[in-house]
Protein chains: 2
Amino acid sequence: MANGFPNKLMITLNDKIYTCPVDVTLGLIGGKWKLLILFHLHYFTRKSYSDLKANLPRVSEKMLSQQLKELERDKLILKNQLSVKPYRVEYSLTERGKSLGPLYEFISKWGIDYLMENNIDYIKDQHLYK
Amino acid sequence: MANGFPNKLMITLNDKIYTCPVDVTLGLIGGKWKLLILFHLHYFTRKSYSDLKANLPRVSEKMLSQQLKELERDKLILKNQLSVKPYRVEYSLTERGKSLGPLYEFISKWGIDYLMENNIDYIKDQHLYK
DNA sequence: TGTAAGGCCTACTTTTTAGTTAGCTATTGA
DNA sequence: TCAATAGCTAACTAAAAAGTAGGCCTTACA
């Protein structure tokens with residue numbers, strides 16, 4: 001091919017077909033809620049189900065538990081059962097989840113800069129958030 | 001609040017409501033195709049419509065032109081009209097689009113590492129790709 | 001002359017994603 | 001004893017995203 005790009009190089013993994021590594025990564029962290037959940041766990045280290053629920057106000061419980069399950073399945077987060085009798089759990093990042101740390105930071109920072117360009121001073125407006 | 005997290009801090013921008021900067025960034029580059037398109041323009045510097053079409057084989061033309069329009073609207077890419085008579089165009093990253101450079105690199109690298117962990121040697125398999 | 005390539009757009013259908021409501025088990029606190 | 005909190009799940013519906021098919025104009029090429 002004239003542009004040095006192969007026409008049809010596909011990657012098959014877990015019954016899904018990807019065209020390139022970017023695609024692969026997006027397969028794990030794409031979607032509307034995953035990066036948000038991961039960022040919160042990155043920022044707060046560990047959180048209970050209801051903490052996440054409170055901190056991600058627009059996420060329905062259905063979406064939350066669904067995404068948590070997928071993230072756990074893909075080994076990006078860990079679910080730790082704290083107690084059985086009163087059933088209490090705690091979510092945290094696995095090593096794989098932590099390896100995306102620079103990504104969370106970059107995306108958050110870029111968002112703040114973008115807001116700044118649009119004359120919204122997030123730092124000023126955020127009170128206790130960060 | 002006990003966790004030092006504000007209950008309902010929302011950011012309003014362009015008639016959309018966001019909960020945090022991560023959310024803001026995802027509003028611009030989220031979705032199934034945008035990062036893929038951006039990465040290709042980052043990697044190849046500039047590309048015509050049909051080059052993109054050929055390099056992103058699973059993207060339908062509908063999606064491609066729709067996403068290109070949104071990316072242009074959000075000033076992440078630039079559409080340059082090369083000629084009028086034979087209508088020819090070229091897409092490239094704007095400064096804002098380029099400012100996401102580290103993100104493209106990170107996501108691509110992370111995908112390659114992830115494949116490696118799954119015993120797929122992308123470097124070996126990719127021939128001319130990179 | 002007619003076919004392909006470049007650069008799209010529109011209408012319609014399907015799939016995916018997400019929202020809503022309700023319900024379940026168990027424990028703590030008033 | 002009763003409500004509230006934690007941690008979910010399931011069923012059903014609605015909305016958003018994506019796929020499919022076709023069409024349109026112009027120019028280059030055989």
Side-chain angles (χ1 to χ4, degrees), chain A residues 1-3 7 15-19 23 26-37 40-41 44 46-73 77-92, chain B residues 1-3 5 7 15-19 23 26-37 40-41 44 46-74 77-92:
Chain A
M1 302 99 241
N3 56 17
N7 249 352
D15 301 321
K16 285 189 178 174
I17 296 171
Y18 303 97
T19 52
D23 209 8
L26 293 179
L28 293 172
I29 60 167
K32 212 166 167 176
W33 304 114
K34 286 184 180 170
L35 267 169
L36 242 18
I37 294 171
H40 278 255
L41 290 177
F44 289 114
R46 66 192 74 253
K47 276 296 169 190
S48 69
Y49 178 85
S50 57
D51 280 339
L52 287 170
K53 188 170 104 186
N55 288 331
L56 303 168
R58 294 181 328 179
V59 189
S60 68
E61 290 197 57
K62 173 198 170 172
M63 277 298 111
L64 182 57
S65 65
Q66 189 177 295
Q67 305 294 296
L68 285 171
K69 254 180 212 154
E70 291 182 17
L71 288 169
E72 203 193 344
R73 179 200 64 197
I77 67 171
L78 196 77
K79 180 181 181 170
N80 189 17
Q81 190 172 324
L82 297 177
S83 65
V84 188
K85 302 91 169 293
Y87 182 53
R88 292 294 177 274
V89 297
E90 181 179 84
Y91 291 94
S92 58
Chain B
M1 302 99 243
N3 56 17
F5 213 93
N7 249 352
D15 300 321
K16 285 189 180 175
I17 294 171
Y18 303 97
T19 53
D23 209 8
L26 293 179
L28 294 172
I29 60 168
K32 212 166 167 175
W33 305 115
K34 284 183 182 172
L35 267 170
L36 242 17
I37 293 171
H40 278 256
L41 291 177
F44 289 114
R46 66 191 75 252
K47 277 292 169 191
S48 69
Y49 178 85
S50 57
D51 281 338
L52 288 171
K53 186 170 106 186
N55 289 331
L56 304 168
R58 294 179 330 177
V59 189
S60 68
E61 289 197 57
K62 174 201 168 168
M63 277 299 110
L64 182 57
S65 64
Q66 190 178 294
Q67 305 293 297
L68 285 171
K69 253 181 211 153
E70 291 181 19
L71 288 169
E72 203 194 345
R73 178 201 64 196
D74 295 334
I77 67 171
L78 196 78
K79 179 179 180 172
N80 188 17
Q81 190 171 326
L82 297 177
S83 65
V84 188
K85 302 87 171 296
Y87 181 52
R88 292 294 177 271
V89 296
E90 182 180 83
Y91 291 94
S92 58

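Chain A is the first sequence line, chain B the second, and so forth, proteins listed ahead of strands; every chain is numbered from 1. Since the model is a prediction, treat every value here as computed from it, not as a measurement.
Residue L56(B) contributes atom CG, which lies 15 Å from atom C1' of dA18(D) at whole-angstrom precision. Atom OH in Y91(A) sits about 14 Å away from atom P in dA6(D), given to the nearest Å. In this structure, NZ of K62(B) is placed 19 Å from P of dC24(D), rounded to the nearest angstrom. The distance between atom CE of M63(A) and atom P of dA10(D), rounded to the nearest whole Å, is 14 Å. Spacing between atom CG of L64(A) and atom P of dA6(D) amounts to 13 Å, rounded to whole angstrom units. Here the P atom of nucleotide dA16(D) and the CD atom of Q67(B) are 16 Å apart, to the nearest Å. Look at CG on L68(A): it is 11 Å from P on dG7(D), rounded to the nearest Å. When rounded to the nearest whole Å, the span between CD of E61(B) and P of dG22(D) equals 14 Å.
Partners of E90(B) according to the side-chain hydrogen bond (donor to acceptor under 3.5 Å, both in side chains) rule, which considers only residues two or more places apart in sequence or in another chain, are R46(B). Applying the side-chain contact (heavy atoms from CB on, under 4.5 Å) rule to L26(A) yields the partners V22(A), L35(B); only residues at least two apart in sequence or on another chain are considered. For E70(A), the salt bridge (charged side-chain N to carboxylate O under 4.0 Å, His left out) test picks out K34(A), with sequence neighbours left out. Contacts of L78(A) classified as side-chain contact (heavy atoms from CB on, under 4.5 Å), with partners at least two apart in sequence or in another chain: S92(A), T94(A). With sequence neighbours left out, K32(A) forms a salt bridge (charged side-chain N to carboxylate O under 4.0 Å, His left out) with no residue at all.
Within the 4.0 angstrom heavy-atom criterion, only backbone atoms of the sugar-phosphate kind lie near K32(A); the bases stay farther away. Residue contacts for S60(A): at a heavy-atom cut-off of 4.0 Å it reaches a base atom on one of the strands shown.
If you take CG on L71(A) and CG on L28(A), they are separated by 9.0 Å, rounding to the nearest 0.5 Å. Atom-to-atom distance recorded for K47(A):NZ and L56(A):CG is 10.5 Å, nearest 0.5 angstrom. A distance of 12.5 Å separates CD1 in I37(A) from CD1 in I29(A), rounded to the nearest 0.5 Å. Note that CZ of F44(B) is 8.5 Å distant from CG of D51(B), once rounded to the nearest 0.5 Å.
The span of DNA chain C lying next to chain A, judged by atoms under 4.0 Å from heavy atoms, is bounded 5' to 3' by dA18(C) to dT27(C).
Using a 4.0 Å cut-off, no side-chain N or O of S50(A) falls inside it from OP1 or OP2 of dT5(D). Contact annotation: K69(A) side-chain N/O to dT9(D) OP1/OP2 distance is under 4.0 Å.
From one end of the helix from dT1(C)-dA30(D) to dA30(C)-dT1(D) to the other, with five pairs defining each end axis, the axis direction shifts by 0° (rounded to 10°).
Candidate nucleotides dG19(D), dT9(D), dA6(D) were compared by shortest atom distance to the side chain of W33(B), and dG19(D) ranks first.
Residue-to-nucleotide proximity on DNA chain C shows that, of R58(A) and S65(B), the 5′-proximal contact is made by S65(B). In this structure, G31(B) and Q66(A) both approach DNA chain D, and ranking their closest nucleotides by distance from the 5' end singles out Q66(A).
Within a 6.0 Å radius of CD1 in I17(A), other residues, nucleotides and ligands contribute 12 heavy atoms or fewer.
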For nucleotides 25-30 of chain D, list the nitrogen or oxygen atoms of the protein found under 3.5 Å from its nitrogen or oxygen atoms, one pair per line.
none

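Residue pairs that meet the salt bridge (charged side-chain N to carboxylate O under 4.0 Å, His left out) test with at least one member in residues 53-66 of chain B, sequence neighbours left out, are D23(A)-R58(B), K53(B)-E61(B). Legend: side chain to side chain donor-acceptor pair (under 3.5 Å) pairs involving residues 78-89 of chain B, not counting sequence neighbours: none detected.
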